[in-house]
Amino acid sequence: MKVDGHETEAAGTLLDVILALGIDLPHLCKDDNLPPIGACRTCLVEADGRIVAACHTPAAAVQEVQTRSVRAIELRQAVLRLTARMHGREPDVSGGPRSGELWAAYAAHGLERPSYPSRPRSAVDLSSPFFEFHEEPCILCGRCVVACQQLQHIGAIGIAGTATSARVTAGAAVAFAESACTACGSCVAACPTHALRPKPLRATHRPGDARGEEG
Amino acid sequence: MEKKVRSTCPFCGVGCGIVLHTRDNRITWVDDDPANPSSRGMLCVKGRFGVPFVEHPDRLTTPLIRREGRLQPATWDEALNHVAEQLLRFRGAFGSFASAKATNEDAFVQQKFVRLVMGTNNIDHCTRLCHSPSVEAMLEQLGSGATSNSYTDYEDASCLVLVGCDPGSNHPVIASRMRSALDNRGTRLVIVNPRRIDLAERADVFLQPLPGTDVALFNGLARCILDEGLEDREFIQQRTEGFAAWRAAVEEHTVEEYAGAAGVDPEALRQAARLYARPPARRGLPASERPGSCLVWGMGITQHSHGTDNARSLINLALLAGQLGRPGCGISPLRGQNNVQGCGDAGCIPDSLPGYQPYTDDAAALFEETWGAGIPRKPGMKATDMVERIASGEIRAMYIVGENPLLSEPNLAHAASLFRQLEFLVVQDLFLHETAELAHVVLPACSFAEKDGTFTNSERRVQRIRPAIPRIGQSRPDWEIIADLARRMAPRVGIDPRQFAYGSAEEVFAELARLTPQLRGMSYERLDREGGIQWPCPTPDHPGTRFLYADRFPRGLGKFVPVRQSRAAAELPDNEFPLVLNTGRVLYHWHGGTITRRVAALVEQMHEVPLAIHPRDAAELGIAEGDAVVVRSRRGRMTASAVVTDAVRPGSVFVPFVKLQESAANFLTNNVYDEPSRIPEYKVCAVRVEKKRPRPREVTGATPTAWRGT
Ligand code: SF4
Ligand code: FES
């Protein structure tokens, strides 16, 4: 098969082939460690003249892929803009988990960061001692849900509601600390926008002082 | 500057791959490693969020020498010269504990020092307190003391039988892999545990036996298999010996009698037997393959005064059903510490040389030739014996690396009084813990994040750790400290100091691999290129071994050993101490807690020792959820916070052995031991529980889920 004019082996999905060639393509809902979800549509490419989501299209059936055709780029720009409208403020956390993927895709597509509309989804869950959930930057890609269910087989996270009222929740809309969550952090690692983010690892405890420790 | 360093989790024996992210030499995030075949991109809360302990301000930064009764800072030269002088006085009355948290390289240099320079085989480590009965039984019956299969076999099995273990808390990533088998492949699950663990919710059969009745239970299972003709006759005939005598012993009682002794329903026992011996095929199993069952066990089997008999009864079962030596079956004693497998492999056990080689002439000759000196042939003392024999003066000096026996030994008050009698005690560790406080010299060691080395996990996979941050203070890797000390002492005992002139961990590993047949094909170069390798790996082109015993056992034939249920435990409840205490662990803390008590988030998650008690007993004692309670045994007392739950049997209470707020279960436990393994009976002793006068306390979030099982 051919990708952007390069001859290559057709193995796995189109996204696998494209990334293996070192071509940069956004894939906000596809974690390297998880099965494809196909929710975000930021990985659209042109395959034999059709527009498809690269992350869950098997490469075997395709002859020629264009990631840089005008049509593909324009569609991805539109998708990214829509995604950004869903997306609120994101903290500027460098280092840390796999992250900042939306703005990297923005830059690669020549888009300017938007100013943020006020958003109806702005819940904050600080109940876990290990990580936090800030709904504002969440783009509902579903990576955390899949990490929890299909990687760790715990199933503490789900998406409740539909359309504009859809939101990520722990358990039956309870706080993380009251759900089946075991704080393995796979969702935090999977989140592309820092909606799920670790609490700073800094703080250390001295046996003998502070809460609960009596001599 | 930002860096990412691939390494291996320092907590449990699962051995997950981690990637340490650092900025300006501080750890900022711990990522999973999807390329690691043991963890496949998973981690648990400890691996992900527990690692900052390495940067804790309590880390020891200089050697300390006791002067005028107080531990005071000293230079390395002062400290090591002092230790060298002192230890030379105690040759012949010396013992050493190695660390299952340290690397294979650390362990190897330590046992070499003890055997060569101190001239004794008195070296042991915490395997004595966890799986020594499993190892004894496996060596006796099969000829090798390791897990026979791999985690991937849990996913290929058609049935999983989990006995006396709680992977959801103690081997969380193995639990995830097991749940994936249940979800994706319809694997059957049998759980045997006196406590209803989280995974029991998913079990096809859950057996909740009376404490200490394991032999009866497993003989009962065997009897069901025999009665229904489910045994693997071909396997028994071709691969085993001792069947007839063993069968006669099992047939002394009926299934009903065994079930009655263990306090379980005979029908459930039969169902479990059928699932283990002949499970229905899991989804996706090729029709040509026989459905396999994995037998997985933990401390619930071993930590009894008849722990070795318990382990034997399990191995008998595996031989009977022929569930060994194929993909998707096998036996797995789940290893606790990150490197408890490797510490034993590298020779830190009193009864054999590295690679479990005996002190016979041909095996020892290779070592003597390489090391250029004789080594003692008399088996050394086991860890628990070294401690007990301080009293008689047989042990007068000890060198303890990376262990805190004053949290991990049974009957802590008794153990502390013994350690105080030592004439010279050296402790080498990260923190000034309970044992270090009694030491004459304390040596600061590096953590896993500051050094090179290898850990061997529960599936025999040797994996690299690599330095991610600079050494804290003047701390040094364990092997380097011991080698330095050895060079100072060697000439005085007629040993060539060049025997300890290692320039790197890699050089140590090369010597270990050369002397140990099952590691001989490994090198850092291979481990770096290919990732972790599972032993046995005898040659450089050998890919490593996924499962053992495909066509023979190391001892030839597998051996059935008749076992009969003896007294359930050395100490049973009576009027004065009417409840049975069972100990174990929790997801959010690591063993005694020396490490995890120093991680703020983990302490926030669980800051008091919980005591699980059945609603019936709680009602009788007037205890409600969250009440502070006092627990007493004949040996000591502790306080805990009550969790009222029917996950424990009436008449039993469960307490994890982590020490929080000065409370630790090992003040209560009983220092009686199994023969021949000498493991203490942590799992059963008699206690009395009463409500403490209530006082206001701070409340955190809900009970953590891996403890929902309470
Ligand atoms: S399962 Fe064990 S090895 Fe894996 S992250 Fe947790 S403690 Fe570390
Ligand atoms: S990455 Fe393909 S749809 Fe999200």
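Proteins come first, then strands; the chains are lettered A, B, ... in the order of their sequence lines, and each starts at number 1. The structure presented is a predicted model; accordingly, all values stated were derived computationally and were not measured.
- The greatest number of non-hydrogen atom pairs below 4.5 Å with chain A, out of B/Leu182, B/Asp183, B/Thr22, B/Val19, is found for B/Asp183.
- Heavy atoms of other residues, nucleotides or ligands lying less than 6.0 angstrom from CZ of B/Arg282 number more than 12.
- Proximity to chain A is limited to the backbone of B/Arg40, based on heavy atoms less than 4.5 angstrom apart.
- The shortest distance between side-chain heavy atoms of A/Thr182 and B/Val45 does not fall below 4.5 Å.
- The distance from atom CD1 of A/Ile154 to atom CG of B/Asp198, rounded to the nearest 0.5 Å, is 10.0 Å.
- Counting heavy atoms from C-beta outward, A/Lys199 and B/Phe49 have side chains that stay 4.5 Å or more apart.
- Side-chain contact between A/Val188 and B/Arg48 is absent, with no heavy-atom pair separated by less than 4.5 Å.
- When heavy atoms are compared at a cutoff of 4.5 Å, B/Leu602 approaches chain A by way of both its backbone and its side chain.
- Expressed to the nearest 0.5 Å, how far OG of B/Ser176 lies from CD of A/Gln150 amounts to 13.5 Å.
- B/Asn184 is listed as a side-chain neighbour of A/His153, based on a closest heavy-atom distance under 4.5 Å.
- If you take CG on B/Leu43 and SG on A/Cys184, they are separated by 8.0 Å, rounding to the nearest 0.5 Å.
- In this structure, B/Phe448 has no ring-ring contact (aromatic ring centres under 6.0 Å, His included) partners at least two apart in sequence or on a different chain.
- Partners of B/Phe667 according to the ring-ring contact (aromatic ring centres under 6.0 Å, His included) rule, which considers only residues two or more places apart in sequence or in another chain, do not exist here.
- The CZ atom of B/Arg179 sits 7.0 Å away from atom CD of A/Gln152, with the distance rounded to the nearest 0.5 Å.
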